[in-house]
Protein chains: 4
Amino acid sequence: MDIVGAVVSVELIQMRRKGSEGTKVARGTPPRGTAQPRLRADAARNREQVLAAARQAFRELGTAAPLDDIARRAGVNIATLYRRFPDRDALIRQVLVDGYSLVLEAARAACDKAASEPSTAIEDFLLSQVEQREALVLPLIGGPVTDDAEVLELQRETAVVLERLLAATRAAEAVRPDVTAVDLITASALVCRPLPHLPPSTATALATRHIRVFLDGLRPSASRPLPSAPEHEEIVAHLRPDTA
Amino acid sequence: MDIVGAVVSVELIQMRRKGSEGTKVARGTPPRGTAQPRLRADAARNREQVLAAARQAFRELGTAAPLDDIARRAGVNIATLYRRFPDRDALIRQVLVDGYSLVLEAARAACDKAASEPSTAIEDFLLSQVEQREALVLPLIGGPVTDDAEVLELQRETAVVLERLLAATRAAEAVRPDVTAVDLITASALVCRPLPHLPPSTATALATRHIRVFLDGLRPSASRPLPSAPEHEEIVAHLRPDTA
Amino acid sequence: MDIVGAVVSVELIQMRRKGSEGTKVARGTPPRGTAQPRLRADAARNREQVLAAARQAFRELGTAAPLDDIARRAGVNIATLYRRFPDRDALIRQVLVDGYSLVLEAARAACDKAASEPSTAIEDFLLSQVEQREALVLPLIGGPVTDDAEVLELQRETAVVLERLLAATRAAEAVRPDVTAVDLITASALVCRPLPHLPPSTATALATRHIRVFLDGLRPSASRPLPSAPEHEEIVAHLRPDTA
Amino acid sequence: MDIVGAVVSVELIQMRRKGSEGTKVARGTPPRGTAQPRLRADAARNREQVLAAARQAFRELGTAAPLDDIARRAGVNIATLYRRFPDRDALIRQVLVDGYSLVLEAARAACDKAASEPSTAIEDFLLSQVEQREALVLPLIGGPVTDDAEVLELQRETAVVLERLLAATRAAEAVRPDVTAVDLITASALVCRPLPHLPPSTATALATRHIRVFLDGLRPSASRPLPSAPEHEEIVAHLRPDTA
DNA sequence: GATGAATGAGTTTTCATTCAT
DNA sequence: AATGAATGAAAACTCATTCAT
């Protein structure tokens, strides 16, 4: 998925979160979660460019990437970046929210399909993660923030949806029974990490092969029992700054 | 420092962190690739502390981590760090060399066992990678160096050893035939990445479960054919600065 | 805005803050020294709010206070501030003119009373200064401008009026003879300075007690001779930028 | 008092606070309150130069004075300033502590003399404040910090000492009975404020005359009753940030 | 060999000012 | 007339690096 595509899909999700289910894509839709005076068209465009640039820079350089580098990539002045995101944390937080929103979106889509086609629901989910890995920037290196309320809520909701997906798949005996939602999230997180110094296509090819093997390992026939799984809540409990 | 030496010194640290005082190694092993006057005992200790601190900081903050932060973690003065590593690149390079040395070491150990116990050789290798994930720091974010001759040689040699391992395993029909050394290296790289904000034990538990499923997916019974594999040389060709 | 106009507008604000809705003044008095088209009602209101906010900010933060902070306090957009005051100096200048106008106003009122009640004229003047200390902002910290012609004229006129007041009071033997107009201005200047971190009422209480003691010291009976007084002209001579 | 003099007297006080009562002046005495590795001689010199420059700049420009301006005045690099004072607040705080230390020092000296010469004790105190007004920078404009524990303690101790001084003076009937320690502190605070745009000698002359009149107002013969006094504790209670 | 200190060169952040709506 | 937005320039702050002890 190219950057533009990523941006669009993020906007889509955000529209849905506000309940405006309808009309495909509308440029200039106000992108904030909290109700705010609608951004002017040019400002909204700048904001998305900054986020796209931030995603790219964070992948390449970590979350310590110079902000003026990000502004330069976005083609805006550094002060414009600051106008939208009062500090680095706010920017990181929004990138995280967007990323987790995409994950939730994919989980929901896969879950919806699970009823009719349980055998491919998980595959759909994980491969979609690989596809949009550039936009995820999920487990950000050095990200000082993940205790954002919105992020935590997205994570929780994602886990719920994935458990539902797993339930349907298990019922169809299309997945080994000892795999949990946390395992699927872990797989997403690992596979979306940048593999620096590789061109995107190669990195994606490697990630795809990895997920393919992992998917084969998920089939019931493969079942060699797994070690015990950490509960999702145990993990979420740690999702706050400075815990590692 | 020769390769073995590097590995040993990393292991030493690991052992020390766990309280098991090592005995088998001569203190003061010359630490550079080029022959150098043996370091004084305290100097050698400082050097290892700096490397350990650097590994930790790089994992948490990326390779742009402030050098004086690293010095502080190591409990030494910044000037002492500079005495050992003339610049950031030298430090990154040594961390990489140490990390890749550990990978090669593990590959060799597993390969040696492959003759007698082909069914567990791959498992041994991948699980050992999970175990030492904290020390690997393999695909460093923002690392400007990977074209270090020593690193490239280690990577090449590792690929050779792993192919040998795979050959033995394939011969025993203990692995699907379409998996390559590159897939094993990819799995190592993905699984060793830090999952920030999680305590190490939880992160390792998640990584272990992931690798377990992956291992199950590696078994011949699982085989659903994989997409085509990038050649190892194609990958190595990109392992130089600024290729993205 | 002429001098009377300036004074009036400040008084208006003061009155409004106290809830006593003034009646005696025409809205929309032209606000600049040079004749200008009468401001629209809302524009005039904005202008006064900016000046009030500037007084407050200058007292708290000095004259280097951020202009957008002032705009925020005034509840207007920064660009609106700029429409009225082309630069920081213009704003400072107006605050000074307003402040010195109030001083002159008070001096004139006290002087008028001096003929009939010489014993309380000085007291009236100094206590009125304490009362309106929040509006004076007289000796602005870091103010780059005091060589404004209007300000200098106000200062000169004030000195003249106060000397006249002193003459009447001296004639009635109601003040020690060695006190000059400069001493009264100094007392005003000192006592109007903010005492940061104190609530206004406490600060005013302290200032009032101080002036009360000072007033007692002004009585002829107290007279222990003072050191020589700097001439007013000597002081005015320094009232220009960058003299320290 | 010139800057060098001010520096010396500050050092004196600080030595005393640590109990090392003795030997007049020792350059290079470690200047920090909390026990710290003694500063190297050149570093200590730099530190005092920074503080002297800060006092000057704060008087001229308020506490928002550019830090690199202060560094320039002190003849050190901005990073050297930051090495000693991690942020603007730390610098302001130290200037305050130094200032209040000087006040306490003067209060103590005057109090010591009060037993033998009660008639001049208050005069000694207030005139010493005028003399060292350049070093006091007492009620800093826009100073965001005054809730520093050390500052509060100094203020409290000063009030105690001044009450003792007043008790002795009252016993000798050398002061009106309704004046309190708070009034003396207020007088110090008012009189030390910079009068910008005036050369120091003129400003000091004006301040001296003001204090002379005030002193005359303090004599028992002058007594016209004062309005009620705020308690010192009431004032100290407000000495924290953002209270005005 | 190790360290405290200093500094030049960034990077981050804020602010004054202008422009387009 | 008022405002949201953008920006260049400045100030705050950090960091890599060197020097003297």
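This structure is a prediction, so every number in the text was calculated from the model and none was measured.
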Spell out protein contact along nucleotides 14-21 of chain F as letters: B when the base is contacted, S when just the sugar-phosphate is, - when no protein heavy atom is under 4.0 Å; keep the 5' to 3' order. BBSBBB--

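With hydrogens and angles ignored, the 3.5 Å screen pairs no side-chain donor or acceptor of R55(C) with any backbone N or O of G99(C).
The interatomic distance linking R47(C) (CZ) with dA2(F) (C1') rounds to 17 Å, in whole Å. Atom CD1 in I92(D) sits roughly 13 Å away from atom C1' in dA12(F) (whole-Å rounding). When the C1' atom of dG8(E) is taken as reference, atom CG of L81(D) falls 16 Å away, rounded to whole Å. Note: CG (L61(D)) to P (dA11(F)) measures 11 Å, nearest angstrom. For F85(A) and dA5(F), the CZ to P distance is 13 Å, given to the nearest whole Å.
No side-chain heavy atom of N46(A) sits under 4.5 Å from any side-chain heavy atom of R83(A).
With sequence neighbours left out, the side-chain hydrogen bond (donor to acceptor under 3.5 Å, both in side chains) criterion links D42(D) to R40(D).
For the pair N46(B) and dG1(E), the criterion of a side-chain N or O lying under 4.0 Å from OP1 or OP2 is not met.
In this structure, CZ in R47(A) is found 8.0 Å from CZ in R84(A), a value given to the nearest 0.5 Å. With values rounded to the nearest 0.5 angstrom, I70(A) atom CD1 is found 14.0 Å from Q49(A) atom CD. Atoms CG and CZ, on L81(A) and R72(A) in that order, are 11.5 Å from each other to the nearest 0.5 Å. Separating the CD atom in Q94(D) from the CD atom in E48(D) is a distance of 8.0 Å, to the nearest 0.5 Å. In this structure, OH in Y82(B) is found 11.5 Å from CG in N77(B), a value given to the nearest 0.5 Å.
L67(D) pairs with exactly one of D87(D), V50(D), L91(D) by the side-chain contact (heavy atoms from CB on, under 4.5 Å) rule, that one being L91(D).
Heavy-atom distances to DNA chain F give each of D42(C) and A43(A) a nearest nucleotide, and the one nearer the 5′ end belongs to D42(C).
Set against dA5(F), dG1(E), dA1(F), the side chain of R84(B) has dG1(E) as its closest nucleotide.
In DNA chain E, the stems built from three or more successive Watson-Crick or G-U pairs (distances below 3.5 Å) are E:2-21 with F:2-21.
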